[in-house]
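Working notes, structure below.
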Protein chains: 2
Amino acid sequence: MIEHFFLEERQHIEARLKSIVETLTGPQSLLDAIDYSLQAGGKRIRPILLLATLQGLNKPLQLGYDVACAIEMIHTYSLVHDDLPAMDDDDLRRGKPTNHKVFGEALAILAGDGLLTHSFNIISRLEDISDATKIQLLQRISEAAGPSGMVAGQVADMEGEGKILSLDELEQIHHRKTGDLLGVSLECGAILGSASMETIAELSAFGKHIGLAFQIKDDVLDVEGDEESIGKPVGSDAESDKNTYPSILGLEEAKEKLDYHIDAAKSHLSNLPYEFGLLEEIADFIKNRTA
Amino acid sequence: MIEHFFLEERQHIEARLKSIVETLTGPQSLLDAIDYSLQAGGKRIRPILLLATLQGLNKPLQLGYDVACAIEMIHTYSLVHDDLPAMDDDDLRRGKPTNHKVFGEALAILAGDGLLTHSFNIISRLEDISDATKIQLLQRISEAAGPSGMVAGQVADMEGEGKILSLDELEQIHHRKTGDLLGVSLECGAILGSASMETIAELSAFGKHIGLAFQIKDDVLDVEGDEESIGKPVGSDAESDKNTYPSILGLEEAKEKLDYHIDAAKSHLSNLPYEFGLLEEIADFIKNRTA
């Protein structure tokens, strides 16, 4: 069921992202750079979480596509900027040349700026959604992505390089860098689905746990994954002295931590008067994925 | 009158910008980098235009401070990113080291990202403003600043370097790069002041003309300004083969064009049932400024 949902909804999201770029009127080079990174693949986990939330609430997925795309655009801008020479200096992402390798640094910076700005335009222009709901979405997304959220996480991550961090410090970084935007994807699904405050809070808590689980699994795969599947050399974290769950806890305890966060995530769903079967499957998928 | 207004309102804006940064919870280095560029001076022309619009409409300036700051934050982010080595590679801005010279490139990129994202958060959280008005502000600002507006202008400007542009092409670039956000400052003042559609349209037209006038004056000052006042060497545009109004039209015709846009701007005010004395003075200030 989850594979089918992933496959189908990824196609919807990717088609919608394409049509969003077609509405823009900037120079072709800018549109090409934006389109390149939006179509560069990836798991589309944030849109999928938003849509799976709507499905669990028995609401039409149609309600969520534009917001799902806006969040994916924010995620994409953050990758484009993270890959820049001044930041992580990555030449490849998901096996393809990074944006600045293809379009140059200046255009990569501007493509990121454009993606971020336009994501807010999309939400402000949603059709058939009340202004009050749009404002709620904009508040939560701009907070999660901003200088007290994702941007703060990126800075803390950068400044943690070469230092030995405590588990607490590492979790703080991942909460902000990954967890905030993942959590907000679920919250946005819940807001669009007119869920109660309690449901929104439980789904957000689910999101924070699977955000950490996602990151721990990334770290574990870097130690014992298959090079071909994960698209980068195994052991590259250790080589670059990166702080990871296995480096702080050891591999076995990191895996226990992964199990803990998956279970904790699921426990937040069990308190709710809905069937979130898809979200449970996504939690399992995150735990068991090989790439 | 205008000098007094400038002086007083600049202080209000700068104090408000400071208190906005104090609400953020990211790493200190990020907050310092954001604060540095927000407090680096400048004419604050966008906030001043927004506030002068409110005054002309006989509305309390208090209504406009947060939106004025949000627009100034967007303007500031665009300067921080424009100054980066991959873009204009500027070491100085207004006589001070540019953001990346002080904080490094990575933090400058992230400070810009944080400023942009948080500007939308500020507008989404305005107090005592209806959701419908907030959405109208967010739509206009995200459009003017986005990949069909300011970001497009920046790309077109970059791609025009080393080419000989027509006057039309140059105006298109400046409309997007400078005019859109200037025009939107007036529009936001009008929206906050509950002005009619007609008033909003006339004020927006005023903004577009003074946006071009502002740019032409910049170009003229680069030819015949006083090095000390303008804070950069005279003749630096010609040296870098930049397309400017004087390079395309000659200095005298460029000055005539400046006069034309100032007059055209003012004519849009004369159609309206308000006294926009301050805006007229700002138009004259733009024409006569020496820095």
Side-chain angles (χ1 to χ4, degrees), chain A residues 21 23-27 29-31 33-34 74 77-78 81 84-87 100 104-125 130-139 141-143 145-156 158-159 176, chain B residues 21 23-27 29-31 33-34 74 77-78 81 84-87 100 104-125 130-139 141-143 145-156 158-159 176:
Chain A
V21 177
T23 64
L24 301 176
T25 62
S29 56
L30 174 67
L31 307 191
I34 287 175
I74 292 177
Y77 117 77
S78 78
H81 281 190
L84 287 167
M87 311 264 280
H100 66 273
E105 268 183 74
L107 215 44
I109 294 168
L110 289 162
D113 294 344
L115 280 163
L116 174 59
T117 311
H118 196 61
S119 70
F120 294 112
N121 191 260
I122 287 171
I123 298 170
S124 73
R125 292 196 177 278
S130 74
D131 287 341
T133 300
K134 290 188 209 172
I135 287 296
Q136 215 184 335
L137 297 167
L138 285 161
Q139 287 176 350
I141 293 172
S142 61
E143 203 161 288
S148 300
M150 190 176 70
V151 172
Q154 180 61 23
V155 172
M158 220 168 65
E159 293 180 346
R176 287 174 143 176
Chain B
V21 177
T23 65
L24 301 176
T25 61
S29 57
L30 175 66
L31 307 191
I34 287 176
I74 292 177
Y77 117 77
S78 78
H81 281 190
L84 287 167
M87 311 265 278
H100 65 272
E105 269 182 73
L107 214 44
I109 294 168
L110 289 163
D113 294 345
L115 280 163
L116 174 59
T117 311
H118 196 61
S119 70
F120 294 112
N121 190 260
I122 288 172
I123 298 171
S124 73
R125 292 196 178 277
S130 74
D131 288 341
T133 299
K134 289 188 210 172
I135 287 296
Q136 215 183 335
L137 296 167
L138 286 161
Q139 286 176 350
I141 294 172
S142 61
E143 201 160 289
S148 300
M150 189 175 72
V151 172
Q154 181 61 23
V155 172
M158 219 168 66
E159 293 180 347
R176 288 174 142 176

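Computed over heavy atoms, backbone and side chain alike; hydrogens, waters and symmetry mates excluded. The shown structure was predicted, so the numbers you read here are calculated from the model rather than taken from an experiment. Every chain is numbered from 1, with letters handed out A, B, ... down the list of sequences.
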Smallest separation among heavy atoms of A/Ile135 and B/Lys134, with atom names:
CD1-CB, 3.6 Å
If you round to the nearest 0.5 Å, how far is OG1 of B/Thr117 from CG of A/Leu116?
4.0 Å
Closest heavy-atom pair, B/Gly26 versus A/Ala152, reported as atoms and distance to 0.1 Å, is CA-CB, 3.7 Å
In terms of heavy-atom pairs under 4.5 Å with chain A, the winner among B/Gly104, B/Ser29, B/Ser124 is B/Ser124
With a 4.5 angstrom heavy-atom cut-off, which part of A/Glu159 approaches chain B: side chain, backbone, both or neither?
side chain
Segment of B/Leu115 engaging chain A (4.5 angstrom heavy-atom cut-off):
neither
Based on non-hydrogen pairs under 4.5 Å, which of B/Arg125, B/Met150, B/Met158 is most in contact with chain A?
B/Arg125
When heavy-atom pairs shorter than 4.5 Å are enumerated against chain B, which of A/Gly146, A/Pro27, A/Ala111 gives the highest number?
A/Pro27
A/Ile34 versus chain B, the contacting section by heavy-atom distance below 4.5 Å:
side chain
Do A/Ile141 and B/Phe120 pass the side chain to side chain contact (heavy atoms under 4.5 Å, CB included) test, and can you show the C-alpha distance, the side-chain angles, and the key distance before you say yes or no?
CA-CA 10 Å; A/Ile141 293 172; B/Phe120 294 112; over 6 Å; no
Taking side chain to side chain contact (heavy atoms under 4.5 Å, CB included) as the criterion, tell me which of B/Leu30, B/Leu107, B/Ile109, B/Leu110 meets it with A/Gln154.
B/Leu110
Is a side-chain N or O of A/Ser148 found less than 3.5 angstrom from the main chain of B/Thr25, in a donor-acceptor match?
yes
If you tally heavy-atom pairs under 4.5 Å against chain A, which of B/Val151, B/Asp113, B/Leu24 wins?
B/Asp113
Would the distance check show the side chain of A/Glu105 and the main-chain N or O of B/Ala86 forming a donor-acceptor pair, the cut-off being under 3.5 Å?
no
Does the side chain of A/Ser142 come within less than 4.5 Å of B/His118's, by heavy atoms?
no
Measure from the side-chain N and O atoms of A/Asp131 to the backbone N and O of B/Asp131, and report whether any donor-acceptor pair falls under 3.5 Å.
no
